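In what follows, a single structure is set out as structure tokens and then discussed.
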Amino acid sequence: RPDLAILIGGACVIGLISALSLPWPAAIASTVLGTLMIAGADVDARTFLLPNLITFGAVFCGILAAPLLDTADPWAAAGQAIARASCVAGALALFRSGYAWSRQTEGLGLGDVKLAAAIGAWLPVEVIPLCFGLATSGALVTVMLARLSGQAVMRTTKIPFGAFLCPALWIVFYAESVTR
């Protein structure tokens, strides 16, 4: 379970930022997504697990939010969100399988694949690579800082990638919403 103080405090900050800078439908969507991503990042950072309630909840909310955010063609928006979610999750599942096959060990968990579906549901195609780039850059900087501080970082060191993907998803969604 997520730390309640972190979840409430983070949700209030995200809600305030969103309400002050986004139109109401996008502000509500941003607050819901941000709250889910705070919960996911917190749990993954502590347990190396992304709960299904958070990942599937984010996918479901992304698909529901799509027609509300694109009122010009709501049915197409929902269909595109479903298609993107399937494609991004499928691509990450293939990457996961390929890594496991080539290294004979798991490199990504299924929670990351489910979170990839949420990324597809919430983000337009053109910014999905930015989300993954932001998350991997954050993970790389964290590993480099750990290494520089004298911590042993080996090939087998576990890194909670969802703890980087979750904030990256909200940041990219928020930035995309501000520029619309």
Side-chain angles (χ1 to χ4, degrees), residues 1-18 29-62 65 84-85 87-100 103 105-123 127-177:
R1 293 183 181 187
D3 181 300
L4 202 53
I6 291 172
L7 184 64
I8 292 171
C12 288
V13 169
I14 285 176
L16 183 62
I17 290 168
S18 299
S30 175
T31 303
V32 168
L33 176 62
T35 303
L36 286 167
M37 294 303 99
I38 288 169
D42 176 49
V43 171
D44 194 41
R46 290 184 290 108
T47 66
F48 296 93
L49 295 171
L50 283 163
N52 287 337
L53 183 63
I54 292 168
T55 55
F56 287 137
V59 172
F60 181 72
C61 288
R84 285 190 314 267
C87 289
V88 176
L92 206 62
L94 284 173
F95 181 79
R96 178 182 188 271
S97 298
Y99 184 90
R103 296 284 187 137
T105 186
E106 184 179 286
L108 280 174
L110 283 174
D112 298 315
V113 173
K114 296 172 204 168
L115 187 56
I119 290 168
W122 281 95
L123 299 178
V127 296
I128 290 171
L130 178 62
C131 180
F132 281 100
L134 184 61
T136 54
S137 296
L140 179 62
V141 167
T142 301
V143 168
M144 288 173 27
L145 290 174
R147 187 90 169 159
L148 288 173
S149 70
Q151 294 178 23
V153 178
M154 313 301 261
R155 234 177 104 171
T156 56
T157 301
K158 290 176 78 174
I159 298 168
F161 190 52
F164 298 96
L165 267 179
C166 286
L169 170 54
W170 180 78
I171 289 167
V172 173
F173 175 81
Y174 175 78
E176 179 71 16
S177 296

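What you are looking at is a predicted structure, and each value in this text was computed from that prediction instead of being measured.
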More than 12 non-hydrogen atoms from neighbouring residues, nucleotides or ligands closer than 6.0 Å to [atom1] on [X], yes or no?
X: R147; atom1: CZ; value: no
X: F48; atom1: CZ; value: yes
X: F60; atom1: CZ; value: no
X: L145; atom1: CG; value: yes

Applying side-chain contact (heavy atoms from CB on, under 4.5 Å), run through L50 and C166 and close with a yes or a no.
CA-CA 10 Å; L50 283 163; C166 286; 4.2 Å; yes
Where [X] and [Y] come nearest, the two heavy atoms and their spacing:
X: D42; Y: P2; value: OD2-CA, 3.2 Å
X: R84; Y: I128; value: CD-CD1, 4.4 Å
X: V172; Y: C131; value: CG2-CA, 3.8 Å
X: V153; Y: A146; value: CG2-CB, 4.1 Å
X: A41; Y: P167; value: CB-CD, 4.1 Å
X: W170; Y: S18; value: CZ2-OG, 4.2 Å

Worked verdict on M37 versus L115 for side-chain contact (heavy atoms from CB on, under 4.5 Å)
CA-CA 10 Å; M37 294 303 99; L115 187 56; 4.0 Å; yes
Intermediate values then yes/no, side-chain contact (heavy atoms from CB on, under 4.5 Å), R96 and L110
CA-CA 8 Å; R96 178 182 188 271; L110 283 174; 3.8 Å; yes
Should [X] and [Y] count as side-chain neighbours, where that means a heavy-atom distance under 4.5 Å?
X: V59; Y: K114; answer: no
X: T35; Y: I14; answer: no
X: L165; Y: L169; answer: no

CD/E176 to CG/L123 distance, rounded to the nearest 0.5 angstrom?
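So the gap between those two atoms works out to 7.5 Å.
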Under 3.5 Å donor-acceptor, W122 side chain and A29 backbone:
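Looks like no, no N/O pair under 3.5 Å.
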side-chain contact (heavy atoms from CB on, under 4.5 Å), that's the test. Do F164 and T136 meet it? Break it down for me.
CA-CA 7 Å; F164 298 96; T136 54; over 6 Å; no
